[in-house]
Amino acid sequence: MKTSGLRFIGWFAAICTSFGFFPQIFKALRTKKLDDLSWGLLCLTFTGVSAWLGYGIVLNDIILILSNSITGSSLIVLILLKIRYKGNG
């Protein structure tokens with residue numbers, strides 16, 4: 001596969017994963033309920049995304065840097081919403 005095809009796959013995957021938590025954020029803002037969202041998921045995913053971000057920085061890979069920055073930011077928003085709406089279940 002040519003490099004341009006690989007870059008396309010990389011960008012496509014980055015877009016899908018970067019915005020994957022947005023529906024959950026919108027639902028949380030609408031319902032103010034996050035009891036079913038586990039701390040384990042949030043913490044483990046944030047840890048993994050942070051590691052991927054660091055890896056992207058070391059490689060100077062813009063796809064890894066942007067996608068994991070967006071995903072990490074989404075996770076921070078979910079964590080803050082979970083704290084804010086604690087007990088609304």
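Rounding to the nearest 0.5 Å places CG of Leu42 at 4.5 Å from CG of Leu37. Distance check: Asp35 CG to Lys82 NZ gives 5.5 Å after rounding to the nearest 0.5 Å.
Partners of Thr31 under the side chain to side chain contact (heavy atoms under 4.5 Å, CB included) rule, at least two apart in sequence or in another chain, are Lys27, Lys33. Considering only residues two or more places apart in sequence or on other chains, Ile83 meets the side chain to side chain contact (heavy atoms under 4.5 Å, CB included) condition with Trp39, Ile79.
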Counting only pairs under 3.5 Å, give me each side-chain donor-acceptor contact of residues 9-24, with atom names and distances, residues two or more places apart or in other chains.
{"from": "Thr17", "atom 1": "OG1", "to": "Ala13", "atom 2": "O", "distance (Å)": "3.0"}
{"from": "Thr17", "atom 1": "OG1", "to": "Ala14", "atom 2": "O", "distance (Å)": "3.3"}
{"from": "Ser18", "atom 1": "OG", "to": "Ala14", "atom 2": "O", "distance (Å)": "2.5"}
{"from": "Ser18", "atom 1": "OG", "to": "Ser67", "atom 2": "O", "distance (Å)": "3.3"}

Side-chain donor-acceptor pairs of residues 51-61 under 3.5 Å, sequence neighbours excluded:
{"from": "Asp61", "atom 1": "OD1", "to": "Ile63", "atom 2": "N", "distance (Å)": "2.9"}
{"from": "Asp61", "atom 1": "OD1", "to": "Leu64", "atom 2": "N", "distance (Å)": "3.2"}

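Both Leu80 and Leu41 sit in one connected hydrophobic cluster of ILVMFWY residues. Membership requires side-chain heavy atoms under 4.5 Å apart, directly or through other members. Follow the hydrophobic side-chain contacts under 4.5 Å out from Leu75 and you reach Tyr85 in the same cluster.
Taking both residues in full, the closest heavy atoms of Ala28 and Leu81 are given as CB-CD1, 4.1 Å, listed atom of the first, atom of the second, then distance.
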side-chain contact (heavy atoms from CB on, under 4.5 Å) assessment of Ser69 paired with Ile65: CA-CA 6 Å; Ser69 295; Ile65 294 169; 4.2 Å; yes
